[in-house]
Peer 1: 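Handing you a structure now.
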Amino acid sequence: MAAGRTRAWDDDGFDDAVPFLARLEKEDRLALLSLGRPLRYGARAVLMHQAEPSAHVLLVLHGWTKVTAAAANGYEALLALRGPGDILGEGAALSGRHRSATVTALEPVQAVVIDQNRFTAFLAENARVALQLLSLSTDRQRTTDHRRLQWAALSVRERIAVLLLELVRTHGHRTDEGIELTIGLSQHEFAGSVGSSREAVARFLAELRTREVVATRRRRIVVLRPDVLRRIGGAGTA
């Protein structure tokens, strides 16, 4: 069984790992969901586009998405993975600004879409939900700050090892071969997540394959030796 969340009401983490819907009282959650309508997206479909005007927010019920932002020179950074219970697009909805990132489905996604005006009106009338949204925003910022500090102290090899271990913990499925990552990310997306080039990621993954630490397929990684990744991520050498 995958270690990640599978249902919107699961509450099995801390800080920004606790999804928005899991933070709400049942009556508040049901009231919020009743404001919207269900939508389904296919794998690789774009749910939101960077720089577009905000018109709605999305509450994810099933499936996982990636949040990316592109710079003017074409570099694309993977900012986060969002899944069951998470809210998307709330920042632009509250500020009235254009969206700061693109959200893409990594697998089939079921969500509830709520019109921006209905969402903001609901928050204005429900202080408990508004405070939980503020708490989520604070936790996400704290996580971002911690990651920025952590990445500054690590080499690219260490960053990739740490990222792989995080994905093993949150999206790992044990098989006869090893621990398969249930979220398929390309080398380009890995590079964007750790602030490196695709070439550097490709070289390190090739090294890990040679050492039989991981096995790779197209958008598929199986971790064979997490202990080696822990030594690389913890000490920088193995």
Peer 1: Could you tell me whether Arg140 and Glu90 have a side-chain N and a carboxylate O separated by less than 4.0 Å?
Peer 2: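 Counted as a salt bridge, because a side-chain N and a carboxylate O are separated by less than 4.0 Å.
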Peer 1: Kindly compute the distance separating CG (Leu58) from CD (Gln110), expressed to the nearest 0.5 Å.
Peer 2: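 So the CG of Leu58 and the CD of Gln110 are separated by 13.0 Å.
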Peer 1: For the side chain of Thr182 and the backbone of Gly172, is there at least one donor-acceptor N/O pair under 3.5 Å apart?
Peer 2: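 No.
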Peer 1: Would the distance check show the side chain of Arg82 and the main-chain N or O of Val67 forming a donor-acceptor pair, the cut-off being under 3.5 Å?
Peer 2: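 Flag not set: sc Arg82 to bb Val67 has no pair under 3.5 Å.
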Peer 1: Within 45° of the ring axis of Trp151 and under 6.0 Å from its six-membered ring centre, is that where the NZ or CZ of Arg148 lies?
Peer 2: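 No - Arg148 does not lie over the ring of Trp151 by the 6.0 Å and 45° rule.
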Peer 1: What closest approach, in Å, do Leu167 and Leu185 show between heavy atoms, and which atom pair accounts for it?
Peer 2: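 For Leu167 and Leu185, the tightest heavy-atom pair comes out as CD1-CD1, 4.2 Å.
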Peer 1: Check this for me: does any side-chain nitrogen of one of Glu207 and Arg211 sit under 4.0 Å from a carboxylate oxygen of the other?
Peer 2: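 So Glu207 pairs with Arg211 through a salt bridge.
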Peer 1: State, without any angle test, whether Arg209 and Thr216 hold a side-chain donor-acceptor pair at a distance under 3.5 Å.
Peer 2: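 There is such a pair (donor and acceptor under 3.5 Å, judged by atom type) between the side chains of Arg209 and Thr216.
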Peer 1: Show the nearest heavy-atom pair for residues Leu165 and Pro226, with the distance to one decimal.
Peer 2: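 Residues Leu165 and Pro226, closest heavy atoms: CD2-O, 3.8 Å.
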Peer 1: Between Glu166 and Arg147, does any NZ, NE, NH1 or NH2 come within less than 4.0 Å of an OD or OE carboxylate oxygen?
Peer 2: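 Yes, this pair counts.
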Peer 1: Thinking salt bridges, do Asp139 and Arg142 make one under a 4.0 Å N-O criterion?
Peer 2: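 Counted as a salt bridge, because a side-chain N and a carboxylate O are separated by less than 4.0 Å.
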Peer 1: Any carboxylate oxygen within less than 4.0 angstrom of a Lys/Arg side-chain nitrogen, looking at Glu180 and Arg220?
Peer 2: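 Looking at Glu180 and Arg220, the cut-off is met.
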Peer 1: Check each of Asp86, Leu21, Leu39 against Leu61 using the side chain to side chain contact (heavy atoms under 4.5 Å, CB included) test, and report the only one that passes.
Peer 2: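 So, applying the side chain to side chain contact (heavy atoms under 4.5 Å, CB included) to Leu61 and each of Asp86, Leu21, Leu39, only Leu21 qualifies.
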